[in-house]
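Any value given below was found using the heavy atoms of this structure, including those in side chains, with hydrogens, waters and symmetry copies removed.
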Amino acid sequence: MLIFDADDTLWENNVIYERVIEEFLEWMTPMTPPGLGRAGVRAVLDGIEAANAVTLGYGSKVFLHSLGQCVAQLRGRGATAEESARISGWAAAFAGERVELMPGVAETLAELARRHELLLLTKGDTEEQRRKITASGLTRHFRDVHIVAEKNTATYKELTRAYDLAPASAWMIGNSPKSDILPARSAGLNAVFIPHQHTWVLEHADLDPADEKVLRLSAFGDLLRHF
């Protein structure tokens with residue numbers, strides 16, 4: 001059983017957020033307290049996002065809410081109607097009906113689906129994730145699709161029970177050490193780490209270089225050499 005992450009493993013995702021953040025920093029930095037600078041504004045936003053991920057979850061709606069909170073924290077007041085409208089305008093960046101597949105994904109999944117059972121496991125806003133999954137055109141390759149609020153050890157253990165998986169022959173494939181690799185390994189599954197240069201900072205974590213149950217690949221298409 002091969003279990004696949006979606007965002008930034010099958011298609012581009014966080015790069016869209018980073019583009020909006022760059023525009024947000026350009027807007028906010030000149031109006032922040034002296035000495036804070038771009039890095040300081042980004043640190044404030046990262047802290048707000050980390051807190052909101054715990055209580056509100058993930059997705060563009062939570063992200064835009066975090067931008068509003070960041071404005072309020074930096075300005076020492078609630079966002080004005082004009083500021084709120086500017087933030088709302090960034091929603092269009094996430095509303096497209098297309099996704100950009102990562103190189104090699106379409107043909108690699110098609111071949112892997114002939115050899116193995118595939119599952120899709122993604123976290124975030126259910127409606128938003130379903131839209132991206134549908135837009136990807138990849139649904140036919142997966143036995144099932146799971147959209148969850150969080151990907152932690154309990155998530156992987158439940159998936160193992162639900163499909164009566166033998167952990168030694170199941171693999172979680174993704175770009176996030178925090179959500180894809182470490183909790184899957186904690187649940188006893190193998191893992192494939194495919195780094196992405198734009199992985200969200202809150203998904204970063206250190207991996208054990210001595211863990212032989214984690215396969216590290218540089219490109220999605222390399223999966224065909226191992227599975």
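When all heavy atoms of Glu203 and Ser176 are compared, the pair lying nearest together is OE1-OG, 2.5 Å. Residues Ala79 and Val71 share a closest heavy-atom pair of CB-CG1, 4.2 Å. Closest of all the heavy-atom pairs between Pro167 and Gly188 is CB-O, 3.2 Å. Across every non-hydrogen atom of Thr29 and Gly37, the tightest pair is CG2-C, 3.8 Å. In terms of heavy atoms, Asn52 sits closest to Ser66 at ND2-OG, 2.9 Å. Scanning both residues, Cys70 and Val44, for their nearest heavy atoms gives SG-CG1, 3.9 Å.
Ring pair Phe220/Phe4 is tilted by interplanar angle, where 30° to 60° counts as tilted. Note on ring orientation: taking the six-membered ring where Trp is involved, the planes of Trp171 and Phe227 are perpendicular (angle over 60°, cut-offs 30° and 60°).
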Notebook entry, point to check: Given the rule in the side chain to side chain contact (heavy atoms under 4.5 Å, CB included) test, do Phe24 and Val41 qualify, once you have shown the distances and angles that lead to the verdict?
Noted result: CA-CA 9 Å; Phe24 180 78; Val41 175; 4.2 Å; yes

Item checked: Criterion side chain to side chain contact (heavy atoms under 4.5 Å, CB included) on Phe63 and Ile21, from CA distance to verdict -> CA-CA 10 Å; Phe63 171 69; Ile21 289 173; 3.7 Å; yes

Next item on the list: Run the numbers on Lys132 and Glu12 for salt bridge (charged side-chain N to carboxylate O under 4.0 Å, His left out), then give the verdict.
Entry: CA-CA 10 Å; Lys132 288 188 284 187; Glu12 295 283 8; over 6 Å; no

Check: After noting the C-alpha distance and the side-chain angles of Ser136 and Leu101, does the key distance pass the side chain to side chain contact (heavy atoms under 4.5 Å, CB included) rule?
Finding: CA-CA 7 Å; Ser136 74; Leu101 297 183; 4.1 Å; yes

Notebook entry, point to check: Which is it for Asn14 and Asp7 under the side chain to side chain contact (heavy atoms under 4.5 Å, CB included) test, yes or no, and what are the steps along the way?
Noted result: CA-CA 8 Å; Asn14 197 53; Asp7 293 336; over 6 Å; no

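Taking hydrophobic clusters as Ile, Leu, Val, Met, Phe, Trp and Tyr residues chained together by side-chain heavy-atom distances below 4.5 Å, Leu67 shares a cluster with Leu36. Connection of Tyr58 to Val62 is not established within any shared hydrophobic cluster, with ILVMFWY side chains joined at heavy-atom distances below 4.5 Å, either directly or through further cluster members. Note: the hydrophobic cluster containing Val145 does not contain Tyr156 (ILVMFWY, side chain heavy atoms under 4.5 Å, direct or indirect links). Note on Ile147 and Leu121: separate hydrophobic clusters, where clusters join Ile, Leu, Val, Met, Phe, Trp and Tyr whose side-chain heavy atoms are under 4.5 Å apart, directly or indirectly. Cluster membership for Val99 and Ile173, using ILVMFWY side-chain heavy atoms within less than 4.5 angstrom, is shared.
Surrounding CZ of Arg75 are more than 12 heavy atoms belonging to other residues, nucleotides or ligands, all under 6.0 Å away.
Interatomic distance, NE2 of His141 versus CG of Leu109, reported as 5.5 Å (0.5 Å rounding). Separation of atoms NE2 (His198) and CD1 (Ile16) is listed at 11.0 Å; rounding is to 0.5 Å. The distance from atom CD of Glu117 to atom CG of Asp144, rounded to the nearest 0.5 Å, is 9.0 Å. Rounded to the nearest 0.5 angstrom, Leu10 CG and Ile133 CD1 are separated by 9.0 Å. Here the straight-line distance linking atom OG1 of Thr32 with atom CG of Leu25 works out to 10.0 Å at 0.5 Å rounding. For the atom pair CG (Leu2) and CE (Met172), the distance works out to 11.0 Å, reported to the nearest 0.5 Å.
The closest donor-acceptor contact from the side chain of Thr134 to the backbone of Arg130 lies under 3.5 Å.
A heavy-atom distance below 4.5 Å is found between the side chains of Asp46 and Glu49. Taking 4.5 Å as the limit, every side-chain heavy atom of Lys61 sits out of range of all side-chain heavy atoms of Glu128. Inter-residue side-chain proximity for Val192 and Leu217 is flagged as met; some heavy-atom pair is nearer than 4.5 Å. Side-chain contact between Thr155 and Leu159 is absent, with no heavy-atom pair separated by less than 4.5 Å. Residues Asp5 and Lys151 form a side-chain contact, since some pair of their non-hydrogen atoms from C-beta on lies under 4.5 Å apart. Considering only heavy atoms from C-beta on, Ile3 comes within 4.5 Å of Leu165 through its side chain. Within the 4.5 Å cutoff, side-chain heavy atoms of Lys157 are placed close to those of Arg161. Within the 4.5 Å cutoff, the side chain of Ile87 has heavy atoms near those of the Trp27 side chain.
Under a 4.0 Å N-O distance rule, the pair Glu97/Arg131 does not qualify as a salt bridge. Using a 4.0 Å cut-off between a side-chain N of Lys or Arg and a carboxylate O of Asp or Glu, Glu111 and Arg114 qualify as a salt bridge. Look at Arg42 and Glu18 and you find a salt bridge, because one of the NZ, NE, NH1 or NH2 atoms lies within 4.0 Å of a carboxylate O, short of that distance.
Residue Phe193 is tested with Asp180, Leu207, Asp211, Leu215 for a side-chain contact (heavy atoms from CB on, under 4.5 Å); the sole match is Leu207. Applying side-chain contact (heavy atoms from CB on, under 4.5 Å) to Arg143 and the options Leu119, Leu120, Leu118 leaves one that passes, Leu119.
A side-chain donor from one of Asn175 and Thr199 sits under 3.5 Å from a side-chain acceptor of the other.
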